[in-house]
Number of protein chains: 2
Amino acid sequence: MNIQFKKGVLELCVLSILSHRDCYGYELVQEISKNITISEGTIYPLLRRLMDDGMFTTYLKESSEGPPRKYYTLTARGRQEQAALAAEWRRFVTGVNLIVEGEHGE
Amino acid sequence: MNIQFKKGVLELCVLSILSHRDCYGYELVQEISKNITISEGTIYPLLRRLMDDGMFTTYLKESSEGPPRKYYTLTARGRQEQAALAAEWRRFVTGVNLIVEGEHGE
DNA sequence: CAGGGTACCTTTTTATGCAAGGTAGCAAGT
DNA sequence: ACTTGCTACCTTGCATAAAAAGGTACCCTG
């Protein structure tokens, strides 16, 4: 998969999944991987960045299948950002499709 | 506009426009700008890179409105790449939309 | 106690868009 | 003649974000 396509979009993906329910990092990788390829080394720096930007808070929860999981919960700011990014994504895709399709149906 | 979204996509845009007709660099900026924002300083390094990759050939043509224009013509390789990138773009958008929309209609 | 899956994390590398700058041709106005 | 503004080409240095590669540690099974 084209790596460059993902720039900025993974942020939208993380925020979108968290807008439905709380997840821990490893789980986010698995969720996103269902639709687009992502490597584990990508998610943690991304989560840290979004955390620093105040997009979510975290809490730890024990697991019987391994080490404790760090769950992420969206803040109001995070929800706002998700909505804004999603809207911009839709506008962007529309614009690109017009260019790719040739703006008049080939 | 989110700069990151554009990563890799501008390459697809350039190839797509050139798959319809030959253009010169400055013209490509104007065409792309109709739908998504792009700065002039972006197009020339991109054109050089794609040129080095054998995506197109060039020819000069005089203009009465300024300096001579350098037109770009897609090679067979360029057409192939355009089709491949467009297909990947569509797959990618589908995957992202599934994540953003929540995969079940919210 | 070794292996495999879960789960966290960091550092370095690579790719690409942008800002800012430069050169030059041409036309219109003063 | 000179300035302004548009056309049209180009380059250098910076910022960003994903990946590769690596590390730590938990838990269960054989």
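Heavy atoms only: backbone and side chains are in, while hydrogens, waters and symmetry mates are out. So that the names make sense, note that chain A is the first sequence line, chain B the second, and so on, each numbered from 1.
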Listing, residues 64-74 of chain A side-chain donor-acceptor contacts under 3.5 Å, not counting sequence neighbours, or none:
{"unit_1": "A/Arg69", "atom_1": "NE", "unit_2": "A/Tyr24", "atom_2": "OH", "d": "3.4"}
{"unit_1": "A/Arg69", "atom_1": "NH2", "unit_2": "A/Tyr24", "atom_2": "OH", "d": "3.4"}
{"unit_1": "A/Thr73", "atom_1": "OG1", "unit_2": "A/Asp22", "atom_2": "OD2", "d": "3.0"}

Would you be so kind as to tabulate the donor-acceptor pairs closer than 3.5 Å made by side chains of residues 82-91 of chain A, with sequence neighbours excluded?
{"unit_1": "A/Gln82", "atom_1": "NE2", "unit_2": "A/Ser16", "atom_2": "OG", "d": "2.9"}
{"unit_1": "A/Glu88", "atom_1": "OE2", "unit_2": "B/Asn2", "atom_2": "N", "d": "2.6"}
{"unit_1": "A/Trp89", "atom_1": "NE1", "unit_2": "B/Asn97", "atom_2": "OD1", "d": "3.1"}
{"unit_1": "A/Arg90", "atom_1": "NH1", "unit_2": "B/Glu101", "atom_2": "OE2", "d": "3.0"}

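Distance from the side chain of A/Ser39 is smallest to D/dA19 among D/dA19, C/dC9, D/dA18. Side-chain atoms of B/Arg49 lie closest to C/dG17 of the nucleotides D/dT7, C/dG17, C/dA7. Here the nucleotide nearest the side chain of A/Arg69, chosen from D/dA8, C/dC8, C/dG17, is C/dC8. Looking at the side chain of A/Tyr44, the nearest of the listed nucleotides D/dA8, C/dA7, D/dA18 is C/dA7. The listed nucleotides are C/dA24, D/dT11, C/dT6; the one nearest the side chain of A/Glu65 is C/dT6.
Straight-line distance from the CE atom of A/Met1 to the C1' atom of D/dA19: 14 Å, rounded to whole Å. A/Asp52 places its CG atom 14 Å from the C1' atom of C/dC9, with the value rounded to the nearest Å. Summarising the geometry, the separation between CG on A/Leu60 and P on C/dT6 is reported as 19 Å, rounded to the nearest angstrom. One atom, CD of B/Glu31, and another, P of D/dT7, lie 14 Å apart when rounded to the nearest Å. Distance CD1 (A/Ile43) to P (C/dT10): 14 Å, rounded to an integer number of Å. A straight line from CD1 of A/Ile32 to C1' of D/dA19 spans 14 Å, rounded to a whole angstrom. Rounded to whole angstrom, the span from the CE atom of B/Met51 across to the C1' atom of D/dC10 amounts to 15 Å.
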Task: Pair A/Glu11-A/Leu46, side chain to side chain contact (heavy atoms under 4.5 Å, CB included): steps then yes or no - done: CA-CA 7 Å; A/Glu11 180 176 326; A/Leu46 171 58; 4.2 Å; yes
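Residue contacts shown for A/Gly41 include a base, since a base heavy atom lies under 4.0 Å away.
The base of C/dC8 sits with one of its N or O atoms less than 3.5 Å from a complementary donor or acceptor on the side chain of A/Glu40.
The shortest heavy-atom contact between B/Gly78 and B/Leu15 is O-CD2, 4.3 Å.
Remark: the backbone N or O of B/Thr37 is paired with a side-chain donor or acceptor of B/Lys6 at under 3.5 angstrom.
Nucleotides of DNA chain C nearest to A/Asn2 and A/Tyr72 differ in position, and the one nearer the 5' end is that of A/Tyr72. Along DNA chain D, the nucleotide closest to A/Glu62 and the one closest to B/Leu47 are compared, and the more 5′ of them pairs with B/Leu47.
A heavy atom closer than 4.0 Å to some atom of DNA chain D occurs in B/Gln4, B/Lys7, these being the qualifying members of residues 3-12 of chain B.
No path of Ile, Leu, Val, Met, Phe, Trp and Tyr side chains, each step under 4.5 Å between heavy atoms, connects B/Leu47 with B/Leu60, placing them in separate hydrophobic clusters.
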